[in-house]
Amino acid sequence: MRIARFSIDGNVAFGAVEGDKQDELVLDIIKGIPFADFELSGTKVPLSKVRLLPPVLPNKVVAYGRNYAEHAKELGNEVPDAPFAFFKPSTSVIGSGDEIQYPSFSQDLHHEAELAVVIGRMCREVPRERVSDVILGYTCANDVTARDVQKREKQWARAKGFDTSCPLGPWVETDLDLATASDLTIQLTVNGEQRQLGRTSEMIHSIADLIVNITEAMTLLPGDVILTGTPAGVGPLSVGDEVAVTIEGIGTLTNKVVKRG
């Protein structure tokens with residue numbers, strides 16, 4: 001099931017996305033929330049009539065850096081022996097169709113296409129054999145990064161945590177099992193030109209590795225998001241660019257870059 005979060009006539013709801021052709025997609029409004037038992041209401045609205053919101057509002061976004069060897073190499077970094085985690089605040093999250101605001105304190109903004117894992121239940125110290133039980137589904141992400149600030153400040157809070165730096169969407173796909181999600185095509189285009197192309201099977205540390213790693217240290221809550229790293233091909237974004245992340249079996253996340261004002 002593809003679960004979207006959207007607004008219509010000033011109201012916010014979740015809905016199950018139905019259909020195959022983009023211009024014919026409809027939302028069957030969900031009674032309840034996707035983190036508990038819910039029913040489909042049977043009330044349907046065309047996707048074209050709503051505004052898509054971030055598919056979840058995470059308490060925290062846990063991101064992992066340098067989890068693809070070729071990406072680490074292209075930036076002149078060594079591959080870490082253990083998963084390398086950092087955080088993006090909830091205020092960085094935007095949805096598909098929302099604008100990425102080019103931060104005033106940077107002159108070198110980069111895109112990073114990533115598979116995002118959405119947590120479905122409160123969990124801590126998750127054993128490897130139970131990882132699938134805590135996953136609600138998967139969505140597309142763009143770990144937008146002020147690369148010059150990242151290099152200059154040596155730590156990543158401002159470089160990766162500024163407002164609008166974490167586009168997520170367009171929805172959560174719940175029908176992918178862990179094995180399938182671990183070998184999907186992930187690509188990114190800027191103004192229709194392909195910049196990144198890889199497979200999630202190229203991750204150094206697997207989805208299961210990352211969930212085990214972070215839950216050893218902290219509790220994850222329903223709706224929390226894990227970003228799993230980016231393949232090679234990261235590069236600059238300019239004001240006016242349209243950037244799109246497409247992941248096999250999930251969908252396409254599209255955002256336009258605008259001047260922050």
Side-chain angles (χ1 to χ4, degrees), residues 1-8 11-17 27-41 50-64 83 85-96 98 114-143 161 165-182 184 200 205-229 247 249-251 253:
M1 179 180 292
R2 293 169 292 177
I3 298 176
R5 182 172 162 269
F6 65 94
S7 66
I8 184 171
N11 298 308
V12 175
F14 290 95
V17 183
L27 290 160
D28 191 337
I29 297 175
I30 287 174
K31 297 167 64 176
I33 59 173
F35 307 109
D37 293 337
F38 65 85
E39 298 178 356
L40 298 178
S41 67
V50 309
R51 178 192 169 199
L52 282 178
L53 301 173
V56 290
L57 286 178
N59 174 271
K60 53 188 170 293
V61 177
V62 183
Y64 281 89
F86 61 96
F87 295 94
K88 294 173 82 81
S90 59
T91 48
S92 69
V93 174
I94 58 174
S96 189
D98 290 338
E114 310 210 5
L115 175 71
V117 183
V118 179
I119 298 300
R121 54 182 288 189
M122 183 184 293
C123 57
R124 181 170 64 93
E125 296 183 347
V126 179
R128 187 171 298 274
E129 64 273 14
R130 297 292 301 277
V131 162
S132 294
D133 296 343
V134 307
I135 297 174
L136 174 68
Y138 303 87
T139 192
C140 306
N142 192 347
D143 177 20
S165 67
C166 190
L168 297 175
W171 42 64
V172 178
E173 174 57 73
T174 66
D175 286 342
L176 292 174
D177 61 26
L178 183 59
T180 302
S182 298
L184 299 173
T200 57
H205 303 290
S206 69
I207 295 168
D209 291 337
L210 304 183
I211 292 177
V212 169
N213 174 266
I214 196 62
T215 62
E216 285 177 340
M218 66 189 65
T219 299
L220 298 182
L221 302 176
D224 280 351
V225 170
I226 297 175
L227 305 189
T228 58
I247 301 181
I250 298 176
L253 165 69

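The basis for the numbers below is simple: all heavy atoms, side chains too, and nothing from hydrogens, waters or symmetry mates.
- With rounding to the nearest 0.5 Å, the separation of CG in Asn59 from CG in Asp224 is 5.0 Å.
- Nearest approach of Pro34 to Ile3, heavy atoms of both residues: CB-CD1, 3.8 Å.
- Rounded to the nearest 0.5 Å, atoms NZ (Lys60) and CG (Leu220) are 5.5 Å apart.
- The main-chain N or O of Asp175 is found under 3.5 Å from a side-chain atom of Glu173 such that the two form a donor-acceptor pair.
- Checking each of Leu227, Ile211, Ile214 against Val62 for a side chain to side chain contact (heavy atoms under 4.5 Å, CB included) leaves exactly one that passes, namely Ile214.
- Under the rule for a ring-ring contact (aromatic ring centres under 6.0 Å, His included), Phe35 has no partner lying at least two apart in sequence or in another chain.
- Looking at residues two or more places apart in sequence or on another chain, you find a side chain to side chain contact (heavy atoms under 4.5 Å, CB included) between Ser206 and Arg128, Ala208, Asp209.
- Of all non-hydrogen atoms in Thr215 and Val126, the two that sit nearest each other are OG1-N, 3.1 Å.
- By the side chain to side chain contact (heavy atoms under 4.5 Å, CB included) test, Ser182 pairs with Leu178, Ile207, sequence neighbours left out.
- Residues passing the side-chain hydrogen bond (donor to acceptor under 3.5 Å, both in side chains) test with Arg130 are Asp133, sequence neighbours excluded.
- Here the side chain of Arg5 pairs a donor or acceptor atom with the backbone of Pro54 at under 3.5 angstrom.
- In terms of the salt bridge (Lys or Arg N to Asp or Glu O under 4.0 Å) criterion, residue partners of Asp143 (sequence neighbours excluded) are, by chain and number, Lys88, Lys160.
- Residue Leu115 holds its CG atom at 10.5 Å from CD1 of Ile226, rounded to the nearest 0.5 Å.
- With sequence neighbours excluded, the residues satisfying side chain to side chain contact (heavy atoms under 4.5 Å, CB included) with Asp177 are Ala179, Thr180.
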Practice task
Report the C-alpha separation of Leu53 and Val12 in whole Å, then their side-chain angles, then the decisive distance to 0.1 Å, and conclude whether the side-chain contact (heavy atoms from CB on, under 4.5 Å) test is met.
Solution key: CA-CA 9 Å; Leu53 301 173; Val12 175; 3.8 Å; yes
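- Counting non-hydrogen atoms of neighbouring residues, nucleotides and ligands closer than 6.0 angstrom, the CD atom of Glu129 exceeds 12 such neighbours.
- Annotation for Met122: atom CE does not count as buried by contact number, only 12 or fewer foreign heavy atoms lying within 6.0 Å.
- Contact record, Ser92 with Gly161: CB-O, 4.0 Å, taken as the closest heavy-atom pair.
- Taking CD of Glu216 as the reference point, atom CZ of Arg124 lies at 12.0 Å (rounded to 0.5 Å).
- Distance OG1/Thr174 to CZ/Arg2: 10.5 Å, rounded to 0.5 Å.
- When atom types are taken as modelled, the side chain of Thr139 and the backbone of Trp171 share a donor-acceptor pair closer than 3.5 angstrom.
- Across every non-hydrogen atom of Val56 and Gly223, the tightest pair is CG2-O, 3.6 Å.
- Val17 and Ala4 get closest at one heavy-atom pair: CG2-CB, 3.8 Å.
- Tyr138 places no side-chain N or O within 3.5 Å of a backbone atom of Leu176 that could act as its donor or acceptor partner.
- Looking at every heavy atom in both residues, Tyr64 comes nearest to Pro83 through CE2-CB, 3.4 Å.
- Put simply, CD1 on Ile29 and CG on Leu27 are 7.5 Å apart, with the number rounded to the nearest 0.5 Å.
- Side-chain contact between Ser41 and Asp28 is present, with heavy atoms from C-beta onward closer than 4.5 Å.
- Proximity of Val118 to Pro55: side-chain heavy atoms (C-beta onward) are nowhere separated by under 4.5 Å.
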